[in-house]
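Only this structure's heavy atoms are used, side chains among them; waters, hydrogens and symmetry mates stay out. Since this is a predicted model, take the numbers as computed values, not measurements.
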Amino acid sequence: MRDIRLQQVVGTAVAMGPTVLMRGMQLRRPIDVVKAPSLSIDDKRTILAAWASDFYVVESKPALRQLPGTPEAVQINEIQSALIELDRRYQS
């Protein structure tokens, strides 16, 4: 029984993923993550990298990703562009 509960908790945490970092924020597009002043660069990178991962792929549409809590799916290219913009803005 405890193993089942642990699996449920882990499954919930994985499903929520980076949305924990986004609580109370209205991030609709990947560029909104880049522009969010309340997020650290590490948090921004974490959210965008997770958003780009196959875990959030839209079933039968491999070019689309959707994070829980976002209103619509976005193209993987848009997420990759946001990651490039994040690197450009925060280069040392």
Side-chain angles (χ1 to χ4, degrees):
M1 183 67 167
R2 188 168 52 161
D3 288 340
I4 292 170
R5 180 67 183 135
L6 181 59
Q7 288 175 345
Q8 290 172 335
V9 169
V10 169
T12 300
V14 169
M16 288 181 64
T19 59
V20 170
L21 297 172
M22 298 166 39
R23 292 240 164 125
M25 302 179 80
Q26 296 201 4
L27 302 174
R28 301 177 62 83
R29 313 299 304 180
I31 197 65
D32 296 336
V33 175
V34 175
K35 294 177 180 178
S38 63
L39 293 171
S40 72
I41 186 171
D42 291 335
D43 288 347
K44 292 175 183 186
R45 190 171 310 287
T46 297
I47 293 167
L48 291 171
W51 202 342
S53 77
D54 287 343
F55 188 80
Y56 296 105
V57 71
V58 174
E59 189 174 338
S60 301
K61 297 181 180 179
L64 295 178
R65 303 291 191 276
Q66 186 166 14
L67 281 178
T70 57
E72 61 189 11
V74 297
Q75 292 281 331
I76 185 69
N77 295 347
E78 187 176 343
I79 302 166
Q80 291 169 334
S81 293
L83 281 163
I84 290 168
E85 178 62 17
L86 185 66
D87 287 342
R88 187 191 68 73
R89 288 183 183 206
Y90 292 98
Q91 283 182 339
S92 319

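Rounding to the nearest 0.5 angstrom, the gap separating the OG atom in Ser53 from the CG atom in Leu48 is 11.5 Å. Annotation: the span from Arg29 atom CZ to Leu27 atom CG amounts to 12.0 Å, rounded to 0.5 Å. The CD atom of Glu59 sits 12.5 Å away from the CG atom of Leu64 when rounded to the nearest 0.5 Å.
Crowding of Arg89 atom CZ: a count of heavy atoms from other residues, nucleotides or ligands under 6.0 Å exceeding 12.
With hydrogens and angles ignored, the 3.5 Å screen pairs no side-chain donor or acceptor of Arg65 with any backbone N or O of Tyr56. With hydrogens and angles disregarded, no donor-acceptor distance shorter than 3.5 Å links the side chain of Asp87 to the backbone of Ile84.
Partner Pro30 forms a side-chain contact (heavy atoms from CB on, under 4.5 Å) with one of Leu83, Ile79, Leu86 and no other, that one being Ile79. Of the candidates Asp42, Leu67, Val34, Asp32, Leu67 is the only one forming a side-chain contact (heavy atoms from CB on, under 4.5 Å) with Ile47.
Under the 4.5 Å side-chain heavy-atom criterion for ILVMFWY residues, no single connected hydrophobic cluster contains both Val58 and Val74. In the hydrophobic clustering of this structure, Val33 groups with Phe55; members are Ile, Leu, Val, Met, Phe, Trp, Tyr whose side-chain heavy atoms approach within less than 4.5 Å, directly or through other members.
Checked against side chain to side chain contact (heavy atoms under 4.5 Å, CB included), Ser60 has no partners two or more places apart in sequence or in another chain.
Between Lys35 and Lys44, every side-chain heavy-atom pair lies at or beyond the 4.5 Å cut-off. With contacts defined as side-chain heavy-atom distances shorter than 4.5 Å, the pair Arg45/Ile41 qualifies.
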